[in-house]
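Shown next, in C-alpha cells, is the structure this report addresses.
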Amino acid sequence: MKAKHQMKTKLLPFLTLIAFALTALATIAGHRTFRKEQTGALTEPVKSVFANYLKIESALANESAVGIGFNATAIANAVRGDSTKMLPLKVAKQAEILAGTRNLSSAREAFKPLSKSLIQYLADHNIASAYVEVYCPMVKASWIQKDKKINNPYMGGSMRSCGTIKQKPSASRSDCQLTDNERNQL
C-alpha cells in the first residue's frame, strides 16, 4: 500500500507539469494561429486595402473613373507588400486587373471578383459588422460599403439605389425594378 501511495505522490506533480505544458503550448499555438483581425478590428495593411476599395466603390457609384487605377494599384501593392500575408494574392491580382481597365464598364466587371474576395475575407475573420454588404440583383453581384444608404457601383447614376442590404434579412426591399424604357437605356 505504501508503494502505491509513493507512486501517486510522484505521479501527481508529473501529471500537473504535463497539463501545464500542454496548456502553455495550446496558448502559444493559439497566438500563432489566430491573427489580430479575428477580434473584429482591421489591422494594416488590410485597413488600407479596404480604405482604397471604398474609394473605388464611391467613384464607380458616381460614374467616375478618377482614382480607380491609383487606388486599385495601392490595394495590389498593400497585399503584395504584406509580409504576414493576411490577404490572399488573388486579391492583388484582382486589383491589378481593375487598375488596368480603361472604361467604367470594364472597371465595374473587374470590381466584382475583388468585392467577392473582400466580402469573403470579412466573413472569414468576423469583421463584417464594420461594413454593410449590398447585393444588386440586376448584375448579380455584391459590394461592401460603410453606411446603409445604397450607393450602387455597378449601376452608377442610372440606378444608384438599386440593391438589397444582405446583413439585414428584413431589408428585402429592392429598388431594382426597371421599366422597359430604363432597360433599353442601359
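Heavy atoms only: backbone and side chains are in, while hydrogens, waters and symmetry mates are out. We're numbering straight along the sequence, starting at 1.
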**Study point:** C162 side, atom SG; N151 side, atom CG - distance, nearest 0.5 Å
**Key:** 12.0 Å
**Study point:** Pairwise distance CG(L122) to CD(E133) - rounded to 0.5 angstrom
**Key:**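 Here the interatomic distance stands at 8.5 Å.
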By side chain to side chain contact (heavy atoms under 4.5 Å, CB included) - contacts of [X] (at least two apart):
| X | answer |
| --- | --- |
| A51 | none |
| S106 | T101, N103 |
| A78 | P45, S48, V49 |

Exercise for review: Provide the closest heavy-atom pair for S142 versus Y135 in the form atom of the first, atom of the second, distance.
Suggested key: OG-CD1, 3.3 Å
Revision key, fill the gap. Closest non-hydrogen atoms of A59 and I68, given as atom of the first, atom of the second and distance, are CB-CG1, 4.1 Å
Exercise for review: Any ring pair (Phe, Tyr, Trp, His ring centres under 6.0 Å) involving residues 45-68? Give me the pairs, sequence neighbours left out, ordered by first then second residue.
Suggested key: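 Residue pairs passing ring pair (Phe, Tyr, Trp, His ring centres under 6.0 Å), neighbours aside: F50-Y131, Y53-F111.
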**Study point:** Within residues 69-91 or reaching into it, pairs that qualify as ring pair (Phe, Tyr, Trp, His ring centres under 6.0 Å) - sequence neighbours excluded
**Key:** none
Check your understanding: Which is it for L87 and I75 under the side chain to side chain contact (heavy atoms under 4.5 Å, CB included) test, yes or no, and what are the steps along the way?
Key -> CA-CA 10 Å; L87 287 160; I75 290 171; over 6 Å; no
Point to revise | Check against side chain to side chain contact (heavy atoms under 4.5 Å, CB included), N152 and M159 | key: CA-CA 7 Å; N152 190 321; M159 296 196 61; 5.8 Å; no
Exercise for review: Would you please name every residue forming a side-chain hydrogen bond (donor to acceptor under 3.5 Å, both in side chains) with N52, sequence neighbours left out?
Suggested key: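 With neighbours one apart ignored, the set is empty.
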Check your understanding: Residues two or more places apart in sequence or in another chain: which of them pass side-chain hydrogen bond (donor to acceptor under 3.5 Å, both in side chains) with S64?
Key ->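 Listed in chain order: nothing, the list is empty.
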Point to revise | Qualifying residues under salt bridge (Lys or Arg N to Asp or Glu O under 4.0 Å), relative to E109, sequence neighbours excluded | key: K112
Check your understanding: Can you list every salt bridge (charged side-chain N to carboxylate O under 4.0 Å, His left out) pair that touches residues 51-69, not counting sequence neighbours?
Key -> E63-R108
Extract all donor-acceptor atom pairs below 3.5 Å that involve side chains of residues 90-99 and protein atoms in other chains or at least two apart in sequence.
| residue | atom | partner | partner atom | Å |
| --- | --- | --- | --- | --- |
| Q94 | OE1 | S117 | OG | 2.8 |
| Q94 | NE2 | S117 | OG | 3.1 |
| E96 | OE1 | R80 | NH2 | 3.0 |
| E96 | OE2 | R80 | NE | 2.9 |
| E96 | OE2 | R80 | NH2 | 3.3 |

Practice item. State, with a plain yes or no, whether a side-chain heavy atom of W143 is found less than 4.5 Å away from one of C136. Key: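 Yes, their side chains come closer than 4.5 Å.
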Point to revise | Validation row: V132, D147 side chains within 4.5 angstrom (heavy atoms) | key: no
Exercise for review: Return yes if some donor-acceptor pair links the side-chain N/O of S58 with the main-chain N/O of L54 below 3.5 Å, else return no.
Suggested key: no
Point to revise | Test side chain to side chain contact (heavy atoms under 4.5 Å, CB included) applied to V79 and M86, step by step | key: CA-CA 8 Å; V79 173; M86 294 174 123; over 6 Å; no
